[in-house]
Amino acid sequence: MNAPHKPAVKPPVFSTMGCRLNAYETEAMKELAAEAGLQGAVVVNTCAVTAEAVRKARQEIRKLRRDNPEARLIVTGCAAQTEPETFAAMAEVDAVIGNTEKMMPETWQGMAADFVGETEKVMVDDIMSVTETAGHLIDGFGTRSRAYVQVQNGCDHRCTFCIIPYGRGNSRSVPAGVVVDQIKRLVDRGYHEVVLTGVDLTSWGADLPATPRLGDLVRRILKLVPDLSRLRISSIDSIEADPALMEAIATEPRLMPHLHLSLQAGDDMILKRMKRRHLRDDAIAFCEEARKLRPDMTYGADIIAGFPTETEAMFDNSLKLVEDCGLTWLHVFPYSPRPGTPAARMPQVNGRAIKDRAARLRAAGDLRVAQHLGAQQGRSHKILMENPNMGRTEQFAEVRFAAPQPEGQIVTATIAGFDGHQLVV
């Protein structure tokens, strides 16, 4: 007599759209789903940054349903938070869960235990009522080299182009003690680099007792976790950089000389219409000061091309900002209107002009990358290996090795040259 056939165990399939924070949270959701024993599901972690992002989310959901006709399809992320009814109305979708709910173990336990029975189809609470954020221990993406620690979530600012506060809620911080304990565990597990992440990282601490600042957190981590080799900060708002952070930049060699700046534009009128809190000269002054404190500092930056009302002269100010700030790693975003934001109601720039301006910004960025990489030839760098043949310098440049190196370790090597956007040894 044949043994009864056991259905194959199918772990959940995850699809991540949008920002790095979404990618980090997907890693945490994978662990929560695995701990709950969820099987046979597809989870789409959506982005809401533009109307195009929401359209792509719907497209991805339809594709995943075609590819997985028997799966239970769960939609979460910022688009699910800001317009749950859109996704609940899709025939392909079985459940919609909000950004708070997706990080709660009980959500996944409920999904695994009784997906169809008692589980509500839409579990999306008012994210503006959320006052705390849990610390999620998020490992590197398929590597053992770099770990990510989410120290903050949400945003209290209301830039005119941005819907994200309505997807993420108001700013809330993970207490410093929790962060330090997480990083100690990561170092004990063999990680050499930790990246602090958040939606509005420089607002960390404003909701905590005594209102500490990001610089206080950085210095506390470096003091209390002496075995941590490298601490890296993800995107910051330079106008909110506090004195303690600047002091850490000047005095802490374990704080990496690489900052990604949320600049968005280089023209004062456009910055005001975006409702940013800095002006062009503020950005330039910050970059000059940080580089004076740390001469090997490199900058990445977000810049939007073709924001509503942007003239050619205004765009030129953004283009010149690349040189004036000494930016290297550019993230260029062609503007597209997001319904529900003030910018969507402003006079729009011609689509062809937006595309052209984005291309010119990217070309300026490519030139800056080539200049930076070319200047590294003959220099010795400490390189954290992400895989046996590729690692990153302290300034986050990729380095390609011909001979395999120990993954997750920091190796010292002299740069022979560069090929495209990679240094070579």
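These figures come from a predicted structure and were not determined experimentally.
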**Asked** What is the minimum heavy-atom distance between C78 and I164, and which atoms define it?
**Response**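 It is SG-CD1, 4.4 Å.
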**Request:** For S173 and D207, work out which heavy atoms get closest and say how close.
**Result:**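 Shortest heavy-atom separation between S173 and D207 comes out as OG-OD1, 2.6 Å.
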**R254 vs S229, side chain to side chain donor-acceptor pair (under 3.5 Å): CA-CA, chis, key distance, verdict** = CA-CA 6 Å; R254 291 184 294 146; S229 302; over 6 Å; no
Under the 3.5 angstrom rule, does the side chain of [X] hit a backbone N or O of [Y] as a donor-acceptor pair?
{"X": "T211", "Y": "A206", "result": "no"}
{"X": "N317", "Y": "G266", "result": "no"}
{"X": "R280", "Y": "D268", "result": "no"}

Note: [X]-[Y] ion pair, threshold 4.0 Å (strictly below):
{"X": "R291", "Y": "D296", "value": "no"}
{"X": "K63", "Y": "E60", "value": "no"}
{"X": "R213", "Y": "E240", "value": "no"}
{"X": "E310", "Y": "R357", "value": "yes"}
{"X": "K30", "Y": "E27", "value": "yes"}
{"X": "R219", "Y": "E252", "value": "no"}
{"X": "R230", "Y": "E193", "value": "yes"}
{"X": "D267", "Y": "K272", "value": "no"}

**Request:** Would you sort out whether L259 and I249 count as a side-chain contact (heavy atoms from CB on, under 4.5 Å), showing the intermediate values?
**Result:** CA-CA 10 Å; L259 294 172; I249 288 170; 4.0 Å; yes
**Asked** Taking it one step at a time, do S171 and D200 satisfy side chain to side chain donor-acceptor pair (under 3.5 Å)?
**Response** CA-CA 7 Å; S171 181; D200 182 28; 5.3 Å; no
Would you tabulate the side-chain donor-acceptor contacts of residues 333-346 under 3.5 Å, counting partners in other chains and residues two or more places apart, or write 'none'?
from: R338; atom 1: NE; to: A48; atom 2: O; distance (Å): 2.6
from: R338; atom 1: NH2; to: E83; atom 2: OE2; distance (Å): 3.1
from: T341; atom 1: OG1; to: R338; atom 2: O; distance (Å): 2.6

**Item:** Gap separating the CG atom of L330 from the CZ atom of R362, nearest 0.5 angstrom
**Value:**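 Between atom CG of L330 and atom CZ of R362 there are 10.0 Å.
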**Request:** Kindly check if the number of other-residue, nucleotide or ligand heavy atoms within 6.0 Å of CE (M90) is above 12?
**Result:**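 Result for CE/M90: enclosed.
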